[in-house]
Participant: 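Pasting a structure here, questions to come.
None of these values were measured; they are calculated from a predicted model. Proteins get letters first, then strands, A, B, ... in listed order; numbering begins at 1 in each.
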Protein chains: 2
Amino acid sequence: MRYNNASKFSPDCSDCPIRHRAVCARCDADELDHLERNKYYRNFQAGQTIVWADDRMEFVGSVVSGVATLTQTMEDGRTQMVGLLLPSDFIGRPDRSTAAYDVVATTDIVMCCFRKKPFEKMIENTPHIAHRLLEMTLDELDAAREWMLVLGRKTAREKIASLLVILARRGKLPEDVNAPVVFDLPLTREAMADYLGLTLETVSRQISALNKDGIIELKIKRNVTVPDIYRLTQEAGDDSDGGYLN
Amino acid sequence: MRYNNASKFSPDCSDCPIRHRAVCARCDADELDHLERNKYYRNFQAGQTIVWADDRMEFVGSVVSGVATLTQTMEDGRTQMVGLLLPSDFIGRPDRSTAAYDVVATTDIVMCCFRKKPFEKMIENTPHIAHRLLEMTLDELDAAREWMLVLGRKTAREKIASLLVILARRGKLPEDVNAPVVFDLPLTREAMADYLGLTLETVSRQISALNKDGIIELKIKRNVTVPDIYRLTQEAGDDSDGGYLN
DNA sequence: TCTGTACATTGACCTGGATCAAGAAAGATA
DNA sequence: TATCTTTCTTGATCCAGGTCAATGTACAGA
């Protein structure tokens with residue numbers, strides 16, 4: 001459904017640890033070749049669960065396109081998103097046989113995967129990749145801890161803004177720092193609420209408020225193309241409400 | 001001041017990555033020896049800041065005794081604790097020159113330290129230590145994410161209970177699972193509040209409530225010894241309020 | 001074009017925890 | 001012993017965000 005960029009399928013694993021190959025002469029070339037040959041792509045539909053918490057997880061991989069979430073759920077149904085996986089983000093942890101969280105595709109998503117066993121073998125033989133993996137894990141740890149500040153101490157409005165900043169940073173930023181930023185909002189209100197430790201109603205109200213305050217602007221409706229909009233410019237401009245922030 | 005266990009100074013770095021030596025025949029023994037010879041101990045008093053966020057950090061180390069916290073502070077003073085360092089916990093991150101958070105001793109504390117440079121060198125030469133470090137970082141990441149659920153979705157009472165469980169788990173648990181657990185509470189109400197995303201008043205009220213509900217029990221006052229208590233049993237039992245959970 | 005489903009918005013009301021404000025205990029100092 | 005400081009407790013009040021409920025909108029399928 002909706003937000004679907006599976007079209008840019010051409011695999012761009014630009015931040016995949018494997019790519020490290022380009023800059024490392026000391027690693028085991030055969031090993032890397034072997035891995036490169038054994039990578040494969042998997043598609044998931046929006047809403048589909050990629051891995052269930054505590055299930056065996058036989059692969060590692062990175063997001064090529066689309067968005068997924070890491071989610072924790074309590075017995076009574078309360079859920080907290082603990083991670084957001086955007087293109088180039090890595091998923092899976094060497095030396096852990098089971099997943100720690102539910103991984104759910106929130107949009108159609110393409111992942112670049114490796115079977116875990118050979119990947120672990122490669123880590124052993126190519127210390128620089130292990131090093132890169134440690135670095136990535138430390139980054140994730142920093143992000144998690146920064147999010148603890150958001151969850152523990154920020155107001156609803158600040159929480160929304162924090163999320164918007166994260167998403168904006170991951171899009172292509174405009175050259176001019178002062179130019180307005182445009183980016184996709186590939187999450188439902190509920191998903192945002194789960195990330196922010198709020199209810200979906202509060203998220204909705206805060207977004208409306210930010211909109212009313214002129215801080216964020218409405219976006220083009222999902223399946224409306226640029227030509228569609230352009231056509232509107234030829235009509236009498238009566239129905240001025242151009243679109244919706246999804 | 002108060003909670004001071006610097007007395008058990010005898011260095012017990014039982015979970016220090018260096019200890020890995022005992023189980024690894026493949027690592028560079030000279031390197032390990034060199035590091036072992038170059039470890040040193042540092043003492044900090046309760047309240048003292050061990051490292052300031054963004055300051056250069058020239059060492060890594062682990063807690064021998066005492067408790068420290070990792071804290072993030074916003075410009076307006078709101079603070080969120082993002083990590084709790086108990087004995088055997090590791091601090092410092094290879095390849096990062098500056099600290100990401102304030103590290104503050106909440107009790108008198110003894111740390112076992114290594115200068116960062118040689119430590120990093122050792123990591124390069126002893127892949128198994130790098131591996132162990134990745135494992136430790138993944139554990140921290142799990143802990144941080146579990147804490148996100150606590151901060152985002154739990155009630156004040158549940159938050160307190162979550163903290164108590166963490167502290168209880170780190171103490172020596174009784175053989176009998178059903179026996180009551182006894183452990184130190186080496187944090188002020190304010191520190192707990194900062195960890196839990198609450199105010200200190202709420203923490204105080206909730207602890208009083210848990211106490212009233214018979215879920216937690218009062219503990220012996222800090223500087224009262226067992227003989228002191230015993231002496232009380234000889235008096236007329238009028239002043240029955242035996243002590244305080246502090 | 002109608003219908004059903006999934007999301008999003010908005011309103012009315014309630015409540016858990018924050019805020020403000022005294023006091024009381026613990027512990028240090030003298 | 002009295003005094004000062006820091007920490008903890010408790011009460012009174014407030015309000016941000018939760019809860020419950022109704023309505024609107026997007027869009028797929030028939």
Participant: When you measure from the side-chain N and O atoms of Thr188(A) to the phosphate of dA6(C), is any distance below 4.0 Å, counting only OP1 and OP2?
Facilitator: no
Participant: Spell out yes or no: do the side chain of Arg205(B) and the base of dG11(D) have one donor N/O and one acceptor N/O closer than 3.5 Å?
Facilitator: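 Side chain to base: pair found, below 3.5 Å.
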Participant: How many whole angstroms separate atom CD1 of Ile160(B) from atom C1' of dT9(D)?
Facilitator: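 Whole-Å distance recorded here is 14 Å.
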Participant: Under 4.0 Å between a side-chain N/O of Ser204(A) and OP1 or OP2 of dT10(C), yes or no?
Facilitator: no
Participant: What is the distance, rounded to the nearest whole Å, between atom CG of Leu200(B) and atom P of dG17(C)?
Facilitator: 15 Å
Participant: Would you indicate whether Gln45(A), at its atom CD, is surrounded by more than 12 heavy atoms from other residues, nucleotides or ligands within a distance under 6.0 Å?
Facilitator: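 Count not over threshold, so no.
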Participant: In whole Å, what is the span from the NZ atom of Lys154(B) to the C1' atom of dG17(C)?
Facilitator: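 Rounded to the whole Å, the gap is 18 Å.
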Participant: Could you check whether atom CD of Glu158(A) has more than 12 heavy atoms from other residues, nucleotides or ligands sitting under 6.0 Å from it?
Facilitator: yes
Participant: Which sits closer to the 5' end of DNA chain C, Arg153(A) or Thr202(A), going by the nucleotide each is nearest to?
Facilitator: Thr202(A)
Participant: With distance as the sole test, does Thr107(A) use its side chain to make a donor-acceptor pair with the main-chain N or O of Val67(A) at under 3.5 Å?
Facilitator: yes
Participant: As an exercise, state the distance from CE of Met136(A) to CG of Leu141(A), rounded to the nearest 0.5 Å.
Facilitator: 14.0 Å
Participant: Rounded to whole angstroms, how far apart are CD on Glu190(B) and P on dT9(D)?
Facilitator: 14 Å
Participant: Tell me the interatomic distance from Arg189(B), atom CZ, to dT6(D), atom P, rounded to whole angstroms.
Facilitator: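 Those two atoms, CZ and P, are 18 Å apart.
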Participant: Thr155(A) side chain N/O closer than 4.0 Å to the phosphate oxygens (OP1, OP2) of dA16(D)?
Facilitator: no
Participant: Would you state whether a donor and an acceptor, one from the side chain of Glu201(B) and one from the base of dC20(C), lie under 3.5 Å apart?
Facilitator: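 Yes, a donor-acceptor pair under 3.5 Å.
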Participant: Taking the minimum atom-to-atom distance to the side chain of Ala156(A), which one of dG17(C), dG17(D), dT19(C) wins?
Facilitator: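 For the Ala156(A) side chain, the nearest candidate turns out to be dG17(D).
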Participant: For Asp102(A), run the side chain to side chain contact (heavy atoms under 4.5 Å, CB included) check against Ile50(A), Thr73(A), Thr79(A) and tell me which one passes.
Facilitator: Thr73(A)
Participant: Within the structure shown, what part of the strands sits under 4.0 Å from Thr199(B) by heavy-atom distance: base, sugar-phosphate, or nothing?
Facilitator: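 Here Thr199(B) touches the bases of the nucleic acid.
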Participant: Would you kindly give the CG-to-P distance between Leu210(A) and dT9(C), to the nearest whole Å?
Facilitator: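 One finds 12 Å between P of dT9(C) and CG of Leu210(A), rounded.
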Participant: Using a heavy-atom cut-off of 4.0 Å across all strands, would you classify Gly47(B) as base, sugar-phosphate, or nothing?
Facilitator: nothing
Participant: Once you round it to whole Å, what is the distance between C1' of dC8(D) and CG of Leu198(B)?
Facilitator: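 That distance rounds to 16 Å.
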Participant: Please report, rounded to the nearest Å, how far the P atom of dC8(D) is from the CD1 atom of Ile207(B).
Facilitator: 9 Å
